[in-house]
Colleague: 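Following this message is one structure expressed as structure tokens.
This is a predicted model, so every value here is computed, not measured. Quick note on labels: first sequence line is chain A, next is B, and so on, each numbered from 1.
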Protein chains: 2
Amino acid sequence: MVALPLMSGMPTIVDMPLPEHPRMSDVAARAGVSLSTVSRALRGASGVAPAVRAEVERAAAELGYVVSRGASSLVTGVTGRIAVLVPFLQPWFFGVALAGVSTRLRASGQDMLVYQVGDVDELDAYVRSLPLRSNVDAVIAVALDLGDTAVARLDEIGLPVVFCGRRVPGRACVFTDDTAAAAGATRHLLNLGHRRVAYVCSRDQTGFSWSSRDRLRGYEAAMAEAGAEAVVVTEPPGHQGGALAMARLLSMAEPPTAVFAESDDVAMGVLQVARRSGIDVPGDVSVMGFDDNDVAALLDLTTVAQPVTEMGERAAELAVRAVRAAGPVRDHVHLDTRLVVRQSTAVPRSRREGPAGGTEQRG
Amino acid sequence: MVALPLMSGMPTIVDMPLPEHPRMSDVAARAGVSLSTVSRALRGASGVAPAVRAEVERAAAELGYVVSRGASSLVTGVTGRIAVLVPFLQPWFFGVALAGVSTRLRASGQDMLVYQVGDVDELDAYVRSLPLRSNVDAVIAVALDLGDTAVARLDEIGLPVVFCGRRVPGRACVFTDDTAAAAGATRHLLNLGHRRVAYVCSRDQTGFSWSSRDRLRGYEAAMAEAGAEAVVVTEPPGHQGGALAMARLLSMAEPPTAVFAESDDVAMGVLQVARRSGIDVPGDVSVMGFDDNDVAALLDLTTVAQPVTEMGERAAELAVRAVRAAGPVRDHVHLDTRLVVRQSTAVPRSRREGPAGGTEQRG
DNA sequence: CTGTTAGCGCGTTCAT
DNA sequence: ATGAACGCGCTAACAG
């Protein structure tokens, strides 16, 4: 083997192609000032002569220089990053919520780190060991119940937490009143004249609560209030669960005349089975959803609309505020839902054909 | 005002509540070794006596110590973060793709930074100034055409780029053959006996390509091959565009007997208008989608399925490899699509009622 | 208003 | 196999 004469200190082919990014010292040299001045100027700190500031900015622009966040966060402790925890990434809700968060964070130049924590164990693993240490400035938990231990851990680290989609006493959170909304939706069905109103809720397989319990409570309250008997069917999440639920409801001795599904997704399974069974909606049965996702409009589904994008934006807003305040932010942001009445709900057949009379049609 | 005797150097109430995280020196002290040894041990580097390594790990665990990525990336240049660029966050496709990326990155302990770049200007702004400098190790562009200048800029910085959902010569990418898939879907309709097959494509408002052009090409090729005349209707994206398109198609002198929509989302608008117009699907008109999103199954839509989750996973895989290799990775990962035949496509009515005979039903 | 100094927490040479 | 020094790129205290 031939010994190649590689003198150290001499540039070799190896270190030439490194496209060395300009550093702050390069900018300083070009602008003819010191490092601190560059730092101050670029950071918008006070105490820099306007002319000097302009000169520094020009030099930076010409060099294509961008401050290294990694380096500055090492000393400031601020990373410019915010973590968003979601149980799933696929469902409509989370995409929309993330879009809201993203929009808000872009406005303040923060970056969005997204973690999918499918079950409580993953969540725990995330909170425990992974990348919290000097990795993010705040955490936004979307439609997620962080356990007490997880929250305690975040507190210990001094990391602000914002809950999005769930009301948590004593914590920064943005939420809608699921219970009241579900009660309102149920009352709408009752007011139409329905008595047998069934509720389809999804089994909580992952240990999280998707506001599921709250909606159930609202339904039950409204039913009790009206003296009607609650009929609750529990199936797996998603439209498949909705389909299973509807199949079960249709095999009851006295099938319901109205079905309130926990979410639009579930409602779609209900609609599918209804259609395939030749059951007219809303003629034979009314169907109510929850969410107002983009398919709901398409299917003419009456549903409860939540301002999901705004929830994301507001949650991000709280997170940013918490970072800036460097102290606890405990705001509760309560957003309104609204009932969107479409074609999937109507007066029950019994009412139309009954003694009340009117312009009802038969056959 | 009373002057408070605050001696510097003396701990005040201000710096006491800071929940000081343990640093590497704390671990070193507790294990009775030096910083370098702790660093080596925790990083799994060679040259540490097994006993010492165990001792260090124990000390770290007891202190709840986690290595600061910020600090280590300052010296190694590796951030452990990968940026994912998406044009939108809401559509089904992106949620699923992100889930794939997330899963793969979790496996190697990388974090996922998500940026929504709604139009080319935002993209440019992102690539140009924002957080690239020592902020991420690689970039995954999902269903996005990075312009040449943007790519050149990333090259300049030395940041690996992986394209997900689009074939880019000379670049790492994972993709499906949209042209072939669209051609296959079109041929399926032609083989059923349809001659007037319309294509609904969405206007590219943002300057991005959603594989739209490729699918159109496949459709046109298959039509030409069969000697059939191409009928292309262009409308805004989403199901609203699909609805508009179907309305236009239905007002033609000779409406098509089959409609091939660029995406399932568009197809849903087509289905909606068909249903509202009392047009039977597939009796009067066949409808074909593209994507196989979760609603397609619900609506019995025949469509082209893409392995979106796998696309995300493979893209992340390439990104991780590029980071490790520290050199260019140019793999092309070609994934297969498949036609999912459901109830929205069938032999055209003319064929069923025509001279071919058979067990067709009338009325 | 500006420059100088001293670290932020860690990886990486070198010695030993 | 281990430890001491140095520096990653930047900000924060000081001095001038």
Colleague: Which nucleotide in the list D:dA12, D:dG3, C:dC10 gets nearest to the side chain of B:V67?
Modeller: C:dC10
Colleague: Within the structure shown, what part of the strands sits under 4.0 Å from A:R43 by heavy-atom distance: base, sugar-phosphate, or nothing?
Modeller: sugar-phosphate
Colleague: From CG of A:L74 over to P of D:dG9, roughly how many Å is that when rounded to an integer?
Modeller: 12 Å
Colleague: Specify the separation, in whole Å, of atom CZ of A:R40 and atom C1' of C:dT4.
Modeller: 11 Å
Colleague: With hydrogens left out and only the distance checked, is there a donor-acceptor pair under 3.5 Å joining B:S34's side chain and the base of D:dA4?
Modeller: no
Colleague: Whole angstrom is fine here: how far is it from CG in A:L42 over to C1' in D:dG9?
Modeller: 13 Å
Colleague: Picking from C:dT12, D:dA12, D:dG3, which would you name as closest to the side chain of B:T76?
Modeller: C:dT12
Colleague: Nearest of D:dT2, C:dG9, C:dG11 to any side-chain atom of B:S39?
Modeller: C:dG11
Colleague: So does A:S72 get a backbone contact from the side chain of A:T76, meaning a donor-acceptor N/O pair under 3.5 Å?
Modeller: yes
Colleague: Can you measure A:R69 atom CZ to D:dT11 atom P for me and round it to whole angstrom units?
Modeller: 12 Å
Colleague: I need the B:R53 CZ to B:T37 OG1 distance, nearest 0.5 Å.
Modeller: 10.5 Å
Colleague: Any idea which of D:dT2, C:dT2, C:dT12 is nearest the A:T37 side chain?
Modeller: C:dT2
Colleague: Tell me what A:S72 touches on the nucleic acid: a base, only sugar-phosphate, or nothing, going by heavy atoms under 4.0 Å.
Modeller: sugar-phosphate
Colleague: Inspect the contact between B:E62 and B:R58 and indicate whether a charged nitrogen and a carboxylate oxygen are less than 4.0 angstrom apart.
Modeller: yes
Colleague: Rounding to a whole Å, what distance do you find between B:N135:CG and D:dG9:P?
Modeller: 15 Å
Colleague: A:Y65 side chain N/O closer than 4.0 Å to the phosphate oxygens (OP1, OP2) of D:dG9?
Modeller: no
Colleague: Which whole-number value in Å describes the distance from B:M24 CE to C:dT12 C1'?
Modeller: 12 Å
Colleague: Separation of A:L35 atom CG from D:dG9 atom P, in whole Å?
Modeller: 12 Å
Colleague: Hey, which of B:D331, B:D148, B:D155 is the one that makes salt bridge (Lys or Arg N to Asp or Glu O under 4.0 Å) with B:R171?
Modeller: B:D155
Colleague: Ion pair present between B:D111 and B:R69, side-chain N to carboxylate O less than 4.0 angstrom?
Modeller: yes
